[in-house]
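Take a look at the structure below.
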Amino acid sequence: MLNNKMDRVHLLLLLLLLLFVSAAVATWPNKPHALIQTVIKDPIINLYFTSIDIGTNITVSVSFVIDLSQPYTWLDCFSGYSYSSYTPIDFDSPKCNLHKLTRPLNVPTPDWWVCSGAGEKVKPGCSDHPCGIKPYNPVDNTSRAGSLSEDVMFFYSTPDGLSFGSRFQSPPVTFACVGRRGFEGFPSEAQGLLSLSRNALSLPSQLSSKFALCLPSKTEDSGFGDLFIGGGPYFLPPYHDDASRLFTTVSLITDKASDEYFFEVKSIEIDGKALPLENSILSKLSTVTPFTVLYRSIYERFVKEFKAKAKAKARKMVEAETVVAPFEVCYRVKKGFKMEDVPVIDLTVGSGGGRWRIYGWNSMVVVKEKGAMCLAFVEGGEMMVIGGYQMEDNLVEIDLQLSKLSFTSSLRRHNTSCSRFRPVATDWCLKDNNSCGSVICC
């Protein structure tokens, strides 16, 4: 009986110690090598989210839509946001003048609809003389009035590129405060937009010079994707090696008028057959564009060649008579079909001849209610836009300092993906676990 009581006491102490370890917050002077955030996919609207804890005293978790184009992060500061660590940035402050790329507005008095008058220094979004800006909503293509502010954020470290480590409090991070009216087109759970652009005010630029995205193709019930800030290694079980070994790296094209990530596509091949292109194609990445966009002249050639290659596989794929918007080409598949049967699309990128290979998992959308699958490319625009669907289950890294883009192509070719439940690193984890290679895991 005594031993049973002692066992229960020891178990209780162990549980309390685990809770203490998980709740501990490290200070930023001991900045970790890398941070990690979970990423969730909304399959209805095809957007990707991550949640970040903001503020001290009363810390609130804010759900952000992930975006690669906007200059700064913005969020709804007026719905229960009143943190002791929040600080508005005045127009005359060095920080407002420093960030001239935001084109700050000189607003003598707070004219935001939520501010009742001057002097509301402690009310988020309001100040005597705010650094006024106009954040852009890429979902509904509108701009709203806002003001620059700053507050601390909390992130989990990753000690090994596999597991979650200690929780860290960042230095003050600059972002924009907007009213709820700025969220048109966003799902109800979204409270902000997280900027991962090359602007000096983006989250990666303020915390590190490198980040990586692993967008999940499945819903959160099947696991989460990843946002790494600070670099690798990147472990994506059951693949045993550091996934950065799979990278193809190309140079980004700098456009001083834009904060987006541009690169050059030299050629497009479908099952080895090159499309006739007069010139290389200016391309960019987008997590808020659901599917890859090709401008008309390229799109027509692309669809024609894809149909020809798919027709040669008529035993597995038959073009459907009806299509499902917004797609123009759909197929019905026969018994024994596998995604590996879909024609492979190769994008030759940069000057080194590197290839971004797009397999059926990323080129075809399964529309279950219609019993079909459709080519996940659409016509439009004036450049090629690699959409979120084509980035799913691909590890994509941006090096801001070197202006480099690295990508793995589909991780499914290596028996893994971007959807997983990561372990929590503790002192009780074992090394050399057979399921995790030679890294620490539980």
Go through the side-chain N and O atoms of Ser197 and Ser195 and say whether any donor and acceptor fall under 3.5 Å apart. yes
State, with a plain yes or no, whether a side-chain heavy atom of Leu246 is found less than 4.5 Å away from one of Leu395. no
Qualifying side chain to side chain donor-acceptor pair (under 3.5 Å) pairs with a residue from residues 279-290, counting only residues at least two apart or across chains: Glu260-Lys284, Glu264-Ser280, Ser286-Thr289
Can you label the angle between the Phe211 ring and the Tyr261 ring as parallel, tilted or perpendicular, going by 30° and 60°? tilted
Is there a side-chain contact between Arg413 and Trp361 (heavy atoms, below 4.5 Å)? yes
Can you confirm whether the side chains of Thr174 and Tyr72 place a donor and an acceptor under 3.5 Å from each other? no
Is the closest side-chain heavy-atom distance between Thr292 and Tyr389 below 4.5 Å? no
Taking the side chain as every heavy atom from C-beta outward, state whether Leu193 and Tyr136 have any atom pair closer than 4.5 Å. no
Under 3.5 Å: donor-acceptor pair, side chain of Asn137, backbone of Ser143: no
Side-chain (Asp160) to main-chain (Leu162) donor-acceptor, under 3.5 angstrom: yes
Distance-minimising heavy-atom pair for Pro216 and Ile40: CG-C, 4.4 Å
Evaluate Phe306 against Phe377 for ring-ring contact (aromatic ring centres under 6.0 Å, His included), listing each step before the verdict. CA-CA 11 Å; Phe306 188 91; Phe377 289 72; 7.9 Å; no
Decide, yes or no, whether a salt bridge links Glu300 with Arg296 under the criterion of side-chain N to carboxylate O below 4.0 Å. yes
The residue among Leu227, Asp53, Ile36, Leu203 that forms side-chain contact (heavy atoms from CB on, under 4.5 Å) with Phe155 is Leu203
Is any side-chain N of the basic residue among Glu278 and Arg301 closer than 4.0 Å to the acidic one's carboxylate O? yes
If only atom types and distance count, is the side chain of Gln390 paired as donor or acceptor with the main-chain N or O of Asn362 below 3.5 Å? yes
Does the side chain of Pro172 reach to within under 4.5 Å of the side chain of Thr87, using non-hydrogen atoms? no
Taking the ring of Tyr156 and the ring of Phe168, is the distance between their centroids below 6.0 Å? no
Would you call Arg422 and Thr158 a side-chain contact if the rule is heavy atoms closer than 4.5 Å? no
Presence of salt bridge, Asp341 and Lys316, under 4.0 angstrom: yes
Side-chain donor/acceptor of Asp242 to backbone N/O of Ser244, under 3.5 Å: yes
From the options Val62, Leu201, Leu75, select the one residue that forms a side-chain contact (heavy atoms from CB on, under 4.5 Å) with Phe175. Leu75
Quick one: are Leu213 and Tyr48 in side-chain contact, heavy atoms under 4.5 Å? no
Could I get the full list of side-chain hydrogen bond (donor to acceptor under 3.5 Å, both in side chains) partners for Ser403, not counting sequence neighbours? Arg198
Quick check: does any side chain N or O of Thr248 sit under 3.5 Å from a backbone N or O of Gly354, one acting as donor and the other as acceptor? no
Under the 3.5 angstrom rule, does the side chain of Arg167 hit a backbone N or O of Phe154 as a donor-acceptor pair? no
Residue pair Tyr239 / Leu411, side-chain heavy-atom distance below 4.5 Å: no
Just by distance, with hydrogens left out, do Ser85 and Asp151 show a side-chain donor and acceptor under 3.5 Å apart? yes
